Protein chains: 2
Amino acid sequence: MVNGKNKKIQKLVKIPSTTVARLPLYLRCLKNIQDEKTSLVSSFELARLSGHNAAQLRKDLSYLGEFGTRGVGYEVDELVRQISKWLGTASVRSVAVVGAGHLGQALCNYHAFINKGFKISALYDNDKDKVGKKVGEIDVKHISQLASGVLDGPIDIGVIAVPARAAQDVATQMVEAGVKSILNFAPAKIKVRKGICVRNLDFSTQLQIIGFHLASVEHGLTSECCD
Amino acid sequence: MVNGKNKKIQKLVKIPSTTVARLPLYLRCLKNIQDEKTSLVSSFELARLSGHNAAQLRKDLSYLGEFGTRGVGYEVDELVRQISKWLGTASVRSVAVVGAGHLGQALCNYHAFINKGFKISALYDNDKDKVGKKVGEIDVKHISQLASGVLDGPIDIGVIAVPARAAQDVATQMVEAGVKSILNFAPAKIKVRKGICVRNLDFSTQLQIIGFHLASVEHGLTSECCD
DNA sequence: TTTTGTGAAGCGATTCACAGCA
DNA sequence: TGCTGTGAATCGCTTCACAAAA
């Protein structure tokens, strides 16, 4: 409004974390659309498919740039390209999982990750009986090899799939080994140095949130639901 | 402020979903405190342990009631009781898992659920080879038995641990069988009738969010991190 | 004095409503 | 005309700052 530089400034503005969290969802819907042979999509249609409203979708996309054509809509392929770019899908991310229990095995056997740009490149455990065995295509190595495992190439994401009591210790070792970000499944708050991105994803917590909503409904306090 | 009914009114006010999401975390920290023999905790201490600020913690707790003593702090046991109550832990919640793959097995073998008030009471799959086998203590039943399985007692929470293409179908069957809420691990948007609480928890989405932050840092756009 | 509980201010996300453009 | 892109309004959560209470 003041001058022509506003668009540049806009691009440097922090993208709301809520928007970031929706991007993977939009991308998923767009890929479903690609499988059919539609090449154009309106904000209304994509909003409907992803379960949001059209204004929000347009605002979200506007943080990334101007990809649509007024009066027409968005080109599906272009939008897929752009969102993928922002999600950092240019390179395949290397993931190391620590904890070869059922959850660790579930992750290693989930082959859809590779389509989304993630490759599980190593699996570690401290159980001597598991070390040396294979889970899917992946050798189970001893946790002590985590540091040297990074020599095979940098690890972008470390996944903590161990019991809570071991979580902090594993996190510390991951950071020392050069892991840049952590997905933590253990029900424990882990502390790492600033600059390491940590996301927590504890199943119990999720069930407890649902439990709250069930209790609310039972007590007649609300009929509302989860996010 | 206007009259004495305000406290009652306060209790009827909707509790922010962000607050609800923090309650399980507070509870976890409090239980850790209980294991030591501290019986009192201040908002500052609990905030530090849970990684939030004291004002937010007090505001969160104030939605549930007035449990603290000014100048003193909160009694740990009392706070545990109150938060548990709001999370609906009065009764044990019955959980049915559909999908006996690695993830379904991981869930069934996670014995800590019972301490948090959740009991996995059934596991279903459509694979004839899996039906009849045991996962931990739990018999694998055929998905077609979901409806009649509810006769053994109501199912509070249905967990979807099947591939995306089957997710909507499973969700529909769950709702027909009387399941009241759903935790969905499949990367698919599922539609259910109003009043059924659905939470989505797709691993790929979580990795993609981390991917965004990694890309941001790599491009020097930010040094900020995830939630 | 210490720490809670809470109005009020601040801030960020959502939604509205329409100008801008094909 | 139809749909995007976006200021402005609104909504809701977080944080501040202090009165109330032990």
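Every heavy atom of this structure was used, including side-chain atoms; hydrogens, water molecules and symmetry mates were not. By convention in this document, chain letters (A, B, ...) are assigned in the order of the sequence lines, proteins followed by strands, and residues within each chain are numbered from 1. Small disclaimer: the values here were computed from a predicted structure and weren't measured.
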### Query
Phosphate oxygens OP1/OP2 of C:dT4: is one of them under 4.0 Å from a side-chain N or O of B:S43?
yes

### Summary
B:R81 meets the salt bridge (Lys or Arg N to Asp or Glu O under 4.0 Å) criterion, sequence neighbours left out, with B:E78

#### Entry: Under the side chain to side chain contact (heavy atoms under 4.5 Å, CB included) test, residues paired with B:S42 that sit two or more places apart
B:F44, B:E45

### Query
Roughly how many Å is it from CZ in A:F44 to P in D:dT1, rounded to a whole number?
16 Å

## Note on the structure
The nucleotide from D:dT6, C:dT4, C:dT6 with an atom nearest the side chain of B:S62 is C:dT6

### Query
Roughly how many Å is it from CG in A:L61 to P in D:dC3, rounded to a whole number?
16 Å

### Query
Looking at residues 52-59 of chain A, who's got a heavy atom less than 4.0 Å off DNA chain C?
A:N53, A:A55, A:Q56, A:R58, A:K59

### Query
Taking all atoms of both residues into account, what is the closest heavy-atom pair of A:H102 and B:A106, and its distance?
CB-CA, 3.2 Å

### Task
Please list, chain by chain and in numerical order, all residues satisfying salt bridge (Lys or Arg N to Asp or Glu O under 4.0 Å) with A:R28, sequence neighbours excluded.
B:D202

### Message
Without decimals, in angstroms, what is the distance between B:I15 CD1 and D:dT14 C1'?
### Response
17 Å

Nucleotide N/O of nucleotides 9-11 of chain C paired with protein N/O under 3.5 Å:
none

### Summary
If each end axis of the helix from C:dT1-D:dA22 to C:dA22-D:dT1 is fitted on five C1' pair positions, the angle between them, to 10 degrees, is 0°

Could you go through residues 114-121 of chain B and list every donor-acceptor pair under 3.5 Å that involves a side-chain atom there, pairing it with any protein atom two or more places apart or in another chain?
from, atom 1, to, atom 2, distance (Å)
B:S121, OG, B:S94, OG, 2.8
B:S121, OG, B:V95, O, 3.3

### Task
Among residues two or more places apart or on two chains, list those pairs meeting side chain to side chain donor-acceptor pair (under 3.5 Å) that have a residue in residues 208-220 of chain A.
A:E218-B:R93

### Message
Rounded to whole Å, please give me the gap between OH in B:Y74 and P in C:dT2.
### Response
18 Å

### Message
If I take atom CG in residue A:D60 and atom C1' in nucleotide D:dG5, what distance separates them, rounded to the nearest angstrom?
### Response
13 Å

### Query
Side-chain contact, heavy-atom cut-off 4.5 Å: A:L107 with A:F113?
yes

#### Entry: Heavy-atom side-chain contact between B:L64 and B:I15 under 4.5 Å
yes

Side-chain donor-acceptor contacts of residues 19-26 of chain B below 3.5 Å, not counting sequence neighbours, with atom names and distances?
from, atom 1, to, atom 2, distance (Å)
B:T19, OG1, B:D60, OD1, 2.6
B:R22, NE, B:Y26, OH, 3.4
B:R22, NE, B:D60, OD2, 2.7
B:R22, NH2, B:Q56, OE1, 3.4
B:R22, NH2, B:D60, OD1, 3.1
B:R22, NH2, B:D60, OD2, 3.3
B:Y26, OH, B:D60, OD2, 2.6

### Task
Send over the distance from B:E45 CD to C:dT2 P, rounded to a whole Å.
17 Å

### Task
Kindly state each residue pair satisfying side chain to side chain donor-acceptor pair (under 3.5 Å) with at least one member in residues 31-40 of chain B, sequence neighbours excluded.
B:Q34-B:D77

#### Entry: Whole angstrom value for the distance that separates C1' of D:dA22 from CG of B:L40
13 Å

Polar atom pairs between nucleotides 19-22 of chain C and protein, under 3.5 Å, N or O only, would you list them?
from, atom 1, to, atom 2, distance (Å)
C:dG20, N3, A:R70, NH1, 3.0
C:dA22, O4', A:R70, O, 3.4

### Message
Less than 4.5 Å apart, side chain to side chain, heavy atoms only: is that true for A:L61 and A:Y74?
### Response
yes

#### Entry: Nearest heavy atoms of B:S62 and B:K59, plus distance in Å
OG-O, 2.7 Å

Show me the donor-acceptor pairs, under 3.5 Å and distance only, between side chains in residues 161-187 of chain A and residues at least two apart or in other chains.
from, atom 1, to, atom 2, distance (Å)
A:Q168, OE1, A:K191, N, 2.8
A:Q168, NE2, A:T172, OG1, 3.1
A:Q168, NE2, A:K191, O, 3.0
A:D169, OD2, A:Q173, NE2, 3.3
A:T172, OG1, A:Q168, O, 2.9
A:K180, NZ, A:D156, OD1, 3.0
A:S181, OG, A:D156, O, 2.9
A:N184, OD1, A:A186, N, 2.9
A:N184, ND2, A:A186, O, 3.2
A:N184, ND2, A:A188, O, 3.0
A:N184, ND2, A:N200, OD1, 2.9

### Message
Please give me the minimum heavy-atom distance between B:T89 and B:S84, naming the atom from each residue.
### Response
OG1-O, 2.8 Å

### Query
Can you check the A:Y63 OH to C:dA13 P distance for me, whole Å?
7 Å

#### Entry: N/O (side chain, B:T18) to phosphate O (OP1/OP2, D:dT14) under 4.0 Å
yes

